[in-house]
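Read through the structure below, which is laid out as structure tokens, and then see the notes.
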Protein chains: 2
Amino acid sequence: MSLRHALLGLLVDRTASGYDLLKLFDTSLAHVWPASQSQVYGELTKLAETGLVTVAAEGPRGRKDYALTEAGMAELRRWLGEVPAEQPARSEVQLRVFFLDLLTPQQRLAFLDQQAERAAAHHAELRQVLESEDWTEAGMLTSNGRLSLEFGLRFTAMSEEWARWAAKQITD
Amino acid sequence: MSLRHALLGLLVDRTASGYDLLKLFDTSLAHVWPASQSQVYGELTKLAETGLVTVAAEGPRGRKDYALTEAGMAELRRWLGEVPAEQPARSEVQLRVFFLDLLTPQQRLAFLDQQAERAAAHHAELRQVLESEDWTEAGMLTSNGRLSLEFGLRFTAMSEEWARWAAKQITD
DNA sequence: TGTTTCATGTAAGACGTTACATGATTGG
DNA sequence: CCAATCATGTAACGTCTTACATGAAACA
């Protein structure tokens, strides 16, 4: 139930509509916990029913401004205090690697090259975020966002290196 | 639909029952694409209905030995030839990092330390697999399995380093 | 006035998890 | 004969994706 907690977390220092939250997801949380429109609206309704958030105000086009309740804040803290369960790591790319020898040598190499390129592109994208963001501002990329971004940078760098290494391995 | 293709892939060089496949998942594919018992049996039934696999033989306790059909092999190759869609990376851990400042400084440090320990433990586990497996044997860990294992090793090493780095960052 | 942006909602279906349910065979 | 292992299946429930549907307000 991480989506629920992501929403609660985003509502800690602002009140927001589903529409606003959706944009926050697309910017700050996109690489960490993506969510679709229907999911966000659905979850907000449930959250309001449970009393973890309330509709603090209604705006122009049926806009509902949600605010975190005390119960919501308590739930968020409870979740953060929990020891997270180890989540099963699923990687379609690694699954393909398992069956790589069903491809021709050229195809294998092309696949790994492509993965390397992809990781490099993603890395560059994150680097741009790092350089463009104003880390002192109270946007959503606080110092914590910086930590998470660093993880992304390291992950993409590692992924590219691995793909290059793997390509070399299968060339022998 | 990766589960489907994982099953087809495992049936390339052996015929196997759902029970056998389940064990293969728990050993070789556990870290790449885990699957539950009900999922495996359900998918095999669908696969047989579609004609991608057939029941080649029936054994003792209602055991069904599945074999890959030509259509199944074709589908597997088609899938492997495809350019994989970039999959949304969800990480509960990184989501928690985003909201880390709702915890006390001690809790934050404890969380990151725990993550570092977890990554280190996972890394050690994979290293054991690397050292114990006989890579020349035709078990399921072929040279491809080696590539995938290397990814796991690098990923867990990177994760630990990141967590240690992050812990240092928040100490300042 | 017409296009863009804001804004919310629902429905169908795929995928995954956990739990329940059942029974045959093997080996000690 | 009893326990462990082999072996399959179903049902309920939660999550996520894609697509459909609708309309108000802002702005040019």
Side-chain angles (χ1 to χ4, degrees), chain A residues 1-8 10 15-27 29-50 52-66 79 84-92 95, chain B residues 1-8 10 15-27 29-50 52-66 79 84-92 95:
Chain A
M1 308 225 292
S2 294
L3 173 63
R4 162 183 243 98
H5 299 104
L7 288 169
L8 295 176
L10 289 175
T15 106
S17 66
Y19 191 83
D20 294 337
L21 289 165
L22 208 52
K23 280 189 298 180
L24 287 176
F25 266 90
D26 284 343
T27 54
L29 290 182
H31 301 293
V32 158
W33 202 273
S36 69
Q37 182 256 22
S38 69
Q39 232 186 325
V40 169
Y41 283 109
E43 195 62 41
L44 279 171
T45 304
K46 280 185 220 159
L47 242 20
E49 279 166 4
T50 329
L52 299 182
V53 303
T54 35
V55 178
E58 307 214 11
R61 303 147 257 235
R63 176 192 170 92
K64 296 179 193 170
D65 252 279
Y66 289 97
W79 175 73
E86 283 197 66
Q87 11 179 121
R90 286 195 171 81
S91 167
E92 192 185 316
L95 181 60
Chain B
M1 307 224 292
S2 295
L3 173 63
R4 163 184 244 97
H5 298 104
L7 288 169
L8 294 176
L10 290 175
T15 105
S17 66
Y19 191 82
D20 294 337
L21 290 165
L22 208 53
K23 279 189 297 180
L24 287 175
F25 266 91
D26 284 345
T27 54
L29 291 182
H31 301 293
V32 158
W33 202 273
S36 69
Q37 182 255 21
S38 70
Q39 233 186 325
V40 168
Y41 283 109
E43 195 60 42
L44 280 172
T45 305
K46 280 184 219 159
L47 242 20
E49 280 166 4
T50 330
L52 299 182
V53 302
T54 35
V55 178
E58 306 215 12
R61 300 148 261 231
R63 176 192 170 90
K64 294 179 194 170
D65 250 280
Y66 289 97
W79 175 72
E86 285 198 64
Q87 9 177 117
R90 286 196 170 80
S91 167
E92 191 183 318
L95 180 60

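By convention in this document, chain letters (A, B, ...) are assigned in the order of the sequence lines, proteins followed by strands, and residues within each chain are numbered from 1.
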All N/O contacts under 3.5 Å from nucleotides 22-26 of chain D to the protein, with atom names and distances to one decimal?
residue, atom, partner, partner atom, Å
D:dA25, O4', A:Arg61, NH1, 3.4

Value rounded to 0.5 Å, distance of [atom1] in [X] from [atom2] in [Y]:
{"X": "B:His31", "Y": "A:Ser91", "atom1": "NE2", "atom2": "OG", "result": "13.5 Å"}
{"X": "A:Leu52", "Y": "A:Leu44", "atom1": "CG", "atom2": "CG", "result": "11.0 Å"}
{"X": "A:Leu21", "Y": "A:Thr15", "atom1": "CG", "atom2": "OG1", "result": "9.0 Å"}

Let me spell it out: for each of B:Gly42 and B:Pro88, pick the nucleotide of DNA chain D with the closest heavy atom. Which residue's pick is nearer the 5' end?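 Nearer the 5' end of the strand: B:Gly42.
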Nearest to the side chain of A:Arg63, which nucleotide is it out of C:dT8, D:dT15, C:dC15?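 Closest of the options to the side chain of A:Arg63: C:dT8.
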Where the side chain of A:Lys64 is concerned, which of D:dT8, C:dT8, C:dC6 is the nearest nucleotide?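 Of D:dT8, C:dT8, C:dC6, C:dT8 is nearest to the side chain of A:Lys64.
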Pairs in or reaching into residues 52-66 of chain A: which pass salt bridge (charged side-chain N to carboxylate O under 4.0 Å, His left out), with residues at least two apart or in two chains?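 Sorted result for residues 52-66 of chain A: A:Asp20-A:Arg63, A:Arg63-A:Asp65.
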Any donor and acceptor pair, going by atom type alone, linking the side chain of A:Glu92 with main-chain N or O of B:Pro84 inside 3.5 Å?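 A pair under 3.5 Å: no.
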Could you state the atom-to-atom distance from [atom1] of [X] to [atom2] of [N] in whole Å?
{"X": "B:Glu58", "N": "D:dA7", "atom1": "CD", "atom2": "P", "answer": "13 Å"}
{"X": "B:Leu7", "N": "D:dT8", "atom1": "CG", "atom2": "P", "answer": "13 Å"}
{"X": "A:Asp20", "N": "C:dT5", "atom1": "CG", "atom2": "P", "answer": "16 Å"}
{"X": "B:His5", "N": "C:dC15", "atom1": "NE2", "atom2": "C1'", "answer": "14 Å"}
{"X": "B:Met1", "N": "D:dT18", "atom1": "CE", "atom2": "C1'", "answer": "15 Å"}
{"X": "A:Lys23", "N": "C:dT8", "atom1": "NZ", "atom2": "C1'", "answer": "14 Å"}
{"X": "B:Lys46", "N": "D:dT8", "atom1": "NZ", "atom2": "C1'", "answer": "16 Å"}
{"X": "A:Gln87", "N": "D:dG14", "atom1": "CD", "atom2": "P", "answer": "19 Å"}

Residues two or more places apart in sequence or in another chain: which of them pass ring pair (Phe, Tyr, Trp, His ring centres under 6.0 Å) with B:Trp33?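 B:Trp33 satisfies ring pair (Phe, Tyr, Trp, His ring centres under 6.0 Å) with no other residue.
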Quick one, which residues of residues 31-41 of chain B touch DNA chain D with a heavy atom under 4.0 Å?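 Hits under 4.0 Å, by residue number: B:Gln37, B:Ser38, B:Tyr41.
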Does C:dT17 have OP1 or OP2 under 4.0 Å away from a side-chain N or O of A:Arg90?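 The answer is yes; a side-chain N or O of A:Arg90 sits under 4.0 Å from OP1 or OP2.
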Close side-chain approach of A:Leu29 to A:Leu24, heavy-atom, < 4.5 Å: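 In short, these two side chains do not touch, never coming nearer than 4.5 Å.
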Show every side chain to side chain donor-acceptor pair (under 3.5 Å) that has at least one partner inside residues 35-47 of chain A, sequence neighbours left out.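 Sorted pair list: A:Arg4-A:Glu43.
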Contacts of A:Ala48 that satisfy side chain to side chain contact (heavy atoms under 4.5 Å, CB included) - sequence neighbours left out: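 Applying side chain to side chain contact (heavy atoms under 4.5 Å, CB included) to A:Ala48 gives A:Val53, A:Tyr66.
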